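Report on the following structure.
First the proteins, then the strands, lettered A, B, ... as listed; each starts at 1. Model, not experiment: these values are computed from the prediction. These numbers come from the heavy atoms of this one structure, side chains and all, not from hydrogens, waters or symmetry mates.
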Amino acid sequence: MLESILNEAFISAYTHLYQQQPEQKFVSFQKTRTEFEGDMTLVVFPFTKQLHQSPEKIANEIGQQMLLENALIKRFNVVKGFLNLLMDDSYWIDFYNQNLENLTFGKATAPKNEHIVIEYSSPNTNKPLHLGHIRNNLLGWSVAEILKANGYKVTKVNLVNDRGIHICKSMIAWQKWGKQTPEEADLKGDKLVGAMYVRFDQELKKEIATLVSEGETQENAAKNAPLMVQAQQMLRKWEANDTETKQLWSTMNGWVYAGFDSTYKKLGVDFDIIYYESETYLLGKAIVFEGLSKNIFVKKPDGSIWCDLTADGLDEKLLLRSDGTSVYMTQDLGTAEQRATSLYPQKMIYVVGNEQNYHFDVLKIVLKKLGREWASGIEHLSYGMVELPEGKMKSREGTVVDADDLMDEMIATAKLTTETLGKSDELSEKEADSLYRLIGLGALKYFMLKVDPKKTMMFNPTESIDFNGNTGPFIQYTHARIRSIIRKAQLANISTKAKTTLKETQPKEKSLLKLLHSFPNIVEQAGENRSPALVANFMFELSKEFNQFYQASPIFKEDDSDLRSFRIGISSLTAQVLKTAGTLIGMEMPEKM
RNA sequence: GGUCCGGUAGCUCAGUUGGAUAGAGCAGCAGCCUUCUAAGCUGCGGGUCGUGGGUUCGAACCCCGCCCGGAUCACCA
């Protein structure tokens, strides 16, 4: 790594000059701004106190000494307190020669002895997946891939919420107004069950309105509406293992899973383990009783069990209802312990929206109070909501952007754009369809992942996602351009991966090499920050740089064959890095487009 | 009300964890195709980094106050 080389050179120069060690926390190298000559810049201001000399003097002395000691440093210049160091071109050319055929370039060279479990998606089975789930799924999947690339052992898990009152609502509605299988209704299973859930809600509202008009209070009406009573009855039957209820429940869930599977598949996400809440919802009660017996929790007169977190700056938290049934927190305590004691991970990452920050704060604190050492490995990857121009998505107001619909629209737009540009003329129907899919999904994934996960992001359905500028298709297009060059070179029998004997680089080539050089560092940063956005932004940066190079230096018009192969090699490495980076954010790269 | 998160160009977003004169894309305007793919490239205009203080050689970034927006504080999940 360049930074560690320079860091060593700096320490050596510093100790030689001043007979003392520099404070490591003050040593900061950064990329030199383009308006100055140099590759890396050392900020020397922090050392003025220790040395009692002007920043310019220190910078000059250190620059001189580093130049003397290290052959990789070619020149230096000093602007105010900034020491700009120019590396010898041989550094970049060596990098090129060494990695030209390194197919795993960018990924960690040695495995880390650490296991990370990452949970994402975690849908309810009463609603189809929507735009918010898309962000969740893409983020979780991508972070998992990035962590793998960093050498971690990663297990992707999904906890499906397949039981509870909401499922019973869909079941009641289906019995009353549905009675059709997905095939009969010509609907995806998750869509059918989702429609039943909506129907229940509508009918329930009518009942409540009727009761209120008859003089009931709103609260009582909501509690006593016949439909609500039936749903609760059904939940009790379910918990009592009633055969008929369980039968219907598993049939309808089966429809939903088939629907989810097709959405996941289209989106390109997968899981190593799928947990079902119906199988885990009783876990956790034992933990609550354990905490009660250790006097960490308290039981109230009505029988409910609580954890007092006021000393931690939070509130009292319910852990078990007065009737002895679980709440969300109870189950999460249980599933966390289940994972910790069966998979033995060093970290457990939960990809869950920031609306649940409080929940995860509580989860960690409660587990720590219970003395679970592994609780410190729990990490909430808290991402921001996706908002529409009119604000949050609301299922009841029909402003939800459906995941399947969105993907289909993206693919249709890709088709239209491609045909308009006349780029599919030479493709077979099959090739063309797979290209539209690749572009449409590339556009969607890049759009979702280029934004910092923590931030709330805006999605405007009417403007649809762009294909020009800072977009997935722009990057894919760049890749396709390079592949076209490679094919042309192969036809002309020019090696695309020839080491070079050149001694110098030109500006655009060097900028590209510098960017390529930074790729492993980007992958590492993205892993540490759990941020696919860093990879996405890097890909854009690299593509932009390549397109400038492409436009400025026509490769096959170059007479000097050494220079020509060098440029082909750089192009080839660029395409490879784009492809590798693409695998980290789930964006495929086309050969032609 | 308490707690947490956010506010950067007309719009969507970056800003390497405190460094140099704050950057991209879109939208607008003006150029570049007898072509290694124009889904591209070049140029122009566009900013009180919400606001007021503080910390220091240096702040969009750290601290405090205020304004605005969001989330959360359920015997919901």
Looking across every strand, which nucleic acid part, if any, lies under 4.0 Å from [X] by heavy atom: base, sugar-phosphate, or nothing?
X: A:Asp312; answer: nothing
X: A:Thr48; answer: nothing
X: A:Ala533; answer: nothing
X: A:Val43; answer: base
X: A:Pro55; answer: nothing
X: A:Ser518; answer: nothing
X: A:Ile439; answer: base
X: A:Gln476; answer: nothing
X: A:Val79; answer: base
X: A:Phe467; answer: base
X: A:Lys423; answer: base

Can you measure [X] atom [atom1] to [N] atom [atom2] for me and round it to whole angstrom units?
X: A:Lys392; N: B:G69; atom1: NZ; atom2: P; value: 16 Å
X: A:Lys31; N: B:A22; atom1: NZ; atom2: C1'; value: 16 Å
X: A:Leu318; N: B:A77; atom1: CG; atom2: C1'; value: 13 Å
X: A:Lys450; N: B:A24; atom1: NZ; atom2: P; value: 15 Å
X: A:Lys455; N: B:A60; atom1: NZ; atom2: C1'; value: 10 Å
X: A:Met385; N: B:C4; atom1: CE; atom2: C1'; value: 14 Å
X: A:Gln525; N: B:U16; atom1: CD; atom2: C1'; value: 7 Å
X: A:Glu35; N: B:U21; atom1: CD; atom2: C1'; value: 7 Å

task = Using the closest heavy atom to pick a nucleotide of RNA chain B for each, name whichever of A:Thr478 or A:Asp452 lands nearer the 5' end.
result = A:Asp452

inquiry  = Both A:Ala414 and A:Asn470 contact RNA chain B. Taking the nearest nucleotide for each, which residue is further toward the 5' end?
reply    = A:Asn470

Going by centres under 5.5 angstrom and planes under 30 degrees, do the aromatic ring of [X] and the base ring of [N] stack?
X: A:Phe474; N: B:A39; result: no
X: A:Phe45; N: B:G58; result: no
X: A:Phe540; N: B:A24; result: no

[atom1]-based separation of [M] from [N] [nearest Å]:
N: B:A9; M: B:U72; atom1: C1'; value: 33 Å
N: B:C49; M: B:A59; atom1: C1'; value: 11 Å
N: B:C61; M: B:A20; atom1: P; value: 13 Å
N: B:A27; M: B:C11; atom1: C1'; value: 8 Å
N: B:C26; M: B:A22; atom1: P; value: 23 Å
N: B:G53; M: B:G70; atom1: C1'; value: 26 Å
N: B:C66; M: B:U12; atom1: P; value: 28 Å
N: B:A38; M: B:C32; atom1: C1'; value: 9 Å

[X] side-chain proximity, nearest of [options]:
X: A:Asn161; options: B:A77, B:G40, B:C73; result: B:A77
X: A:Phe82; options: B:A39, B:G19, B:C73; result: B:G19
X: A:Lys544; options: B:A39, B:C73, B:C41; result: B:C41
X: A:Asp466; options: B:A24, B:C26, B:A20; result: B:C26

Answer yes when [X] and [Y] have at least one side-chain N-carboxylate O distance shorter than 4.0 Å, and no when they do not.
X: A:Arg530; Y: A:Glu379; value: yes
X: A:Arg567; Y: A:Glu558; value: yes
X: A:Arg564; Y: A:Asp560; value: no
X: A:Lys514; Y: A:Asp39; value: yes
X: A:Lys592; Y: A:Glu431; value: no
X: A:Asp452; Y: A:Lys454; value: yes

Would you say [X] places a side-chain N or O within less than 4.0 Å of OP1 or OP2 belonging to [N]?
X: A:Lys454; N: B:A14; value: no
X: A:Gln551; N: B:U42; value: no
X: A:Ser484; N: B:U37; value: yes
X: A:Arg481; N: B:A38; value: yes
X: A:Tyr477; N: B:A39; value: yes
X: A:Arg487; N: B:U37; value: no
X: A:Arg33; N: B:G19; value: no
X: A:Asn529; N: B:U17; value: no

Could you tell me the Watson-Crick or G-U partner of [N], where both distances fall under 3.5 Å? Say none if there is no partner.
N: B:U35; result: none
N: B:A71; result: B:U3
N: B:C29; result: B:G43

key: A:Met40 backbone acceptor or donor facing A:Thr32 side chain under 3.5 Å   = yes

request  = Taking A:Asn126 for its side chain and A:Tyr197 for its backbone only, find out whether a donor-acceptor pair lies under 3.5 Å.
outcome  = no

request  = Name the orientation class of the two ring planes belonging to A:Phe519 and A:Phe538 (parallel below 30°, tilted from 30 to 60°, perpendicular beyond 60°).
outcome  = parallel

